[in-house]
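One structure is given here, and the rest of the page talks about it.
What you see is a predicted model; the values in this text were computed from it and never measured.
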Amino acid sequence: MEEKTALELEDIDLRGFLENVIRIFDQRLKDKQLSLVIDVKENLPLIKADLFKLEQMLVNLLDNAVKYTDVEKSPYRGCSG
């Protein structure tokens with residue numbers, strides 16, 4: 001059974017956080033001719049979250065999205081550069 005750990009809550013700038021996580025995938029997105037656009041308003045209030053757990057969750061979601069997106073069958077267009 002998995003041991004429960006306490007959340008380490010901190011203030012996080014959501015837009016900056018998303019930009020940093022997405023940078024991890026820049027090369028893989030280019031390799032698969034995919035693009036990922038974030039559309040988050042500027043000057044949003046900070047959110048309280050566990051940075052490590054939030055990043056881990058988003059990296060897992062994006063990793064699966066990039067890995068399993070078939071550009072040929074996707075209704076979305078790849079990037080043009």
Side-chain angles (χ1 to χ4, degrees):
M1 191 150 156
E2 201 173 306
E3 183 180 325
K4 292 185 181 183
T5 58
L7 294 176
E8 295 183 26
L9 298 179
E10 58 186 283
D11 290 333
I12 298 172
D13 168 37
L14 185 60
R15 184 180 179 90
F17 166 76
L18 291 172
E19 289 170 349
N20 288 336
V21 171
I22 289 170
R23 257 186 236 118
I24 296 169
F25 293 90
D26 278 348
Q27 189 58 52
R28 289 184 53 207
L29 290 165
K30 287 178 188 175
D31 291 347
K32 286 194 74 172
Q33 297 182 329
L34 296 170
S35 62
L36 179 59
V37 177
I38 59 169
D39 186 14
V40 178
K41 293 182 181 180
E42 292 186 34
N43 302 320
L44 288 175
L46 299 176
I47 63 169
K48 283 250 189 243
D50 185 312
L51 180 62
F52 176 76
K53 291 184 187 305
L54 186 61
E55 183 175 300
Q56 186 177 36
M57 181 268 314
L58 187 56
V59 165
N60 285 337
L61 287 172
L62 290 175
D63 183 57
N64 285 334
V66 172
K67 186 184 302 181
Y68 297 112
T69 296
D70 183 346
V71 178
E72 300 297 319
K73 295 180 181 179
S74 175
Y76 305 102
R77 295 185 178 191
C79 62
S80 60

### Message
Could you work out, with side chain to side chain donor-acceptor pair (under 3.5 Å) as the rule, every residue matching N20, not counting sequence neighbours?
### Response
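Once residues adjacent in sequence are excluded, the partners of N20 under the side chain to side chain donor-acceptor pair (under 3.5 Å) criterion are R23.
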### Query
What are the two closest non-hydrogen atoms of I12 and D50, and how far apart are they?
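Nearest heavy atoms, I12 then D50: CD1-C, 4.5 Å.
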### Summary
Tightest non-hydrogen contact, residues K32 and K67, listed as NZ-O, 3.3 Å
Give the table of side-chain donor-acceptor pairs shorter than 3.5 Å for residues 51-61, with sequence neighbours excluded, one pair per line with atom names and distance.
unit_1: K53; atom_1: NZ; unit_2: T5; atom_2: OG1; d: 3.1
unit_1: N60; atom_1: ND2; unit_2: Q56; atom_2: O; d: 3.3

### Task
Hey, could you give me the CZ/CG distance between R15 and D39, rounded to the nearest 0.5 Å?
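These two atoms lie 8.0 Å from each other.
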#### Entry: Path from L14 to L9 over hydrophobic side-chain contacts below 4.5 Å
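Shared cluster, no.
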### Message
Could you see if I47 belongs to whatever hydrophobic cluster contains L44? Use Ile, Leu, Val, Met, Phe, Trp, Tyr and a side-chain cutoff under 4.5 Å.
### Response
yes
### Task
Check each of L34, L36, D63 against F25 using the side-chain contact (heavy atoms from CB on, under 4.5 Å) test, and report the only one that passes.
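That would be D63; it is the only one of L34, L36, D63 passing the side-chain contact (heavy atoms from CB on, under 4.5 Å) with F25.
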